[in-house]
Amino acid sequence: MALPFTENDVYCTAFNPKAFLDAYFSDKVGALVNDDYLDFVLKQLVKTFTAGVVEGETLIDIGTGPTIYQLLSACEVFKEIIATDYSALSRQEFEKWLKNEPQGFDWGPIVRYVCELEGQRDKCTEKEEKLRQTVKDVIKCDVTRSQPLDSLLPNSADCLLTSLCLENACKDQATYRNAIRNISSLLKAGGHLVMMGVLEETFYLVDDYRFSCLFYDAGFVRNAVRDAGYVIQDFQVLPRPENSTHLISDYKGYFFLVARKET
Ligand code: SAH
C-alpha cells in the first residue's frame with residue numbers, strides 16, 4: 001500500500017542531511033554507492049559534460065540537497081552553478097562542504113573516482129576547489145510553485161540539473177508534470193535538462209524516518225518530459241542489482257535523462 005505523502009515541510013524538520021549522506025553516499029556502506037547508482041550516474045555525467053554539447057554560463061541544480069556528486073563534472077563546463085533546495089537543513093549541510101568546514105561530509109573517494117573517469121587522477125584538490133568557486137549561490141527553491149526560485153528571472157539558465165528530488169517533492173503524477181514545467185520556466189529555449197531519479201519506488205528511509213516517493217515507471221518520466229516541451233536526447237536505465245537486498249528503499253531501478261528544451 002502506498003505510504004501517505006511526505007509533505008515538503010517535513011524535509012525542513014525530519015530529514016537529517018548528515019544521516020542521508022552516511023546511509024546513501026558513504027564509502028563502502030552507502031546504499032547508492034553499493035547499488036551502482038553512483039557509478040552509473042557519474043559515468044553518464046562525465047559523458048554528458050565532456051561531449052561539448054551541454055555547456056554554457058549558468059547551471060541551476062534543483063533540489064541539491066546536501067550532495068555534490070552531481071556537480072563534479074558540470075563545474076568544468078559552466079561558469080556558474082546555483083544550488084537550490086527547499087530545506088534549510090539541506091542547504092546548511094551543503095554549505096558546510098562549500099565553506100570547507102571540518103564537519104562537512106568527506107566527498108574525497110567520490111571526487112577521486114570522478115577525476116579518474118575524467119582522466120585527471122591527480123586533480124582531486126583542484127576539482128573540489130573548482131566546484132567551490134563555481135557555486136555562486138545556495139538558495140531556497142520549491143518545485144511545486146510556478147516560480148520555484150524567488151530571486152532568479154525566467155529563462156536564466158543554460159542547463160537545469162536535478163537528481164532524486166521531484167519524486168520526493170511531488171504528491172501525484174499531475175504535480176510531478178507541473179513541477180517539470182515549473183522548473184523549466186528557468187531554462188532558456190535550446191538549453192538542457194539533465195535529470196536523474198528512481199523508478200518504481202514508494203519509500204526510502206533516513207534515520208528510520210520513512211519518506212514517501214512518487215511511484216512511476218520509465219514511460220511516465222519520458223512522457224512528462226516530452227509533454228513539457230523537450231526532445232529527449234539520452235535516456236538510460238539501470239535496473240536494481242540482484243544482490244541489492246537492503247530494505248532502506250524499495251526502488252526497482254534508476255534513470256538518467258538528457259533533454260533539450262525546444263520552446
Ligand atoms: N539531489 C540530491 C538530494 C536528494 S534528497 C541527491 O541527488 O542526492 C531530496 C531533496 O529534495 C531534499 O534535500 C529535499 O529538501 C528536497 N526537496 C523536497 N521537496 C522539495 C521541493 N518542493 N522543492 C525543492 N526541493 C525539495
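- Atom CZ of R226 is surrounded by more than 12 heavy atoms from other residues, nucleotides or ligands within 6.0 Å.
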CA sep, side-chain torsions, deciding dist, call: S244, D35, side-chain hydrogen bond (donor to acceptor under 3.5 Å, both in side chains): CA-CA 6 Å; S244 165; D35 283 3; 3.0 Å; yes
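- Side-chain contact between K43 and T48 is absent, with no heavy atoms from C-beta onward closer than 4.5 Å.
- Under the 3.5 Å distance criterion, the side-chain polar atoms of D234 are left unmatched by any main-chain donor or acceptor of L257.
- Annotation: salt bridge (Lys or Arg N to Asp or Glu O under 4.0 Å) contacts involving residues 49-66, sequence neighbours excluded, comprise E57-K79.
- Using a cutoff of 4.0 Å between basic side-chain nitrogens and carboxylate oxygens, E129 and R132 are scored as salt-bridged.
- When side chains are defined from C-beta on, L199 counts as touching V221, because their heavy atoms get closer than 4.5 Å.
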From CA spacing to verdict: side-chain hydrogen bond (donor to acceptor under 3.5 Å, both in side chains), D39, Y113: CA-CA 9 Å; D39 184 66; Y113 185 56; 2.3 Å; yes
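- Counting heavy atoms of neighbouring residues, nucleotides and ligands inside a 6.0 Å radius, atom NZ of K123 does not exceed 12 of them.
- For residues 152-162, the side-chain hydrogen bond (donor to acceptor under 3.5 Å, both in side chains) pairs, not counting sequence neighbours, are D158-K188.
- For the pair K140 and Y86, the distance from NZ or CZ to the six-membered ring centre is under 6.0 Å and the angle to the ring normal is within 45 degrees.
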CA sep, side-chain torsions, deciding dist, call: E118, S73, side-chain hydrogen bond (donor to acceptor under 3.5 Å, both in side chains): CA-CA 8 Å; E118 291 178 350; S73 292; 2.7 Å; yes
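- Geometrically, R112 does not engage W107 in a cation-pi contact, judged by NZ or CZ lying under 6.0 Å from the ring centre and within 45° of the ring axis.
- For the pair Y230/S184, a side-chain contact is recorded, criterion being any heavy-atom separation below 4.5 Å from C-beta on.
- Contact between A179 and C170 at its shortest, heavy atoms only, is CB-SG, 3.7 Å.
- The closest side-chain heavy-atom distance from L59 to L71 is below 4.5 Å.
- Between I81 and L131, some side-chain heavy-atom pair lies under the 4.5 Å cut-off.
- Under the 6.0 Å cut-off for aromatic ring centres, Y24 and Y37 do not qualify, their centroids lying 6.0 Å or more apart.
- Aromatic pair F15/Y209: centroids not less than 6.0 angstrom apart.
- In this structure a side-chain-to-backbone donor-acceptor pair under 3.5 Å is missing from R91 to T84.
- Looking at every heavy atom in both residues, A169 comes nearest to F5 through O-CZ, 3.5 Å.
- Judged by the 6.0 Å and 45° rule, R222 forms a cation-pi pair with F235.
- In the displayed structure, D208 atom CG is contacted under 6.0 Å by at most 12 heavy atoms of other residues, nucleotides or ligands.
- Using a cutoff of 4.0 Å between basic side-chain nitrogens and carboxylate oxygens, K130 and E128 are not scored as salt-bridged.
- Taking 4.0 Å as the cut-off between side-chain N and carboxylate O, R177 and D172 do not count as a salt-bridged pair.
- Among residues at least two apart or in separate chains, there is no salt bridge (Lys or Arg N to Asp or Glu O under 4.0 Å) pair with a member in residues 241-259.
- Between Y204 and F20, the ring-plane angle classifies as perpendicular under the 30° and 60° cut-offs.
- Between Y69 and F25, the distance from one ring center to the other falls under 6.0 angstrom.
- Proximity of L161 to I62: side-chain heavy atoms (C-beta onward) are nowhere separated by under 4.5 Å.
- More than 12 heavy atoms of other residues, nucleotides or ligands lie within 6.0 Å of CD in E262, so this atom counts as buried by the packing criterion.
- Summarising the geometry of L38 relative to V33, their closest heavy-atom pair is CD1-CG2, 3.6 Å, with the distance given to 0.1 Å.
- Ion pair E7/K171 not flagged as a salt bridge, since none of the NZ, NE, NH1 or NH2 atoms sits closer than 4.0 Å to an Asp/Glu carboxylate oxygen.
- For the pair K127 and E76, the salt-bridge criterion is met [side-chain N within less than 4.0 Å of a carboxylate O].
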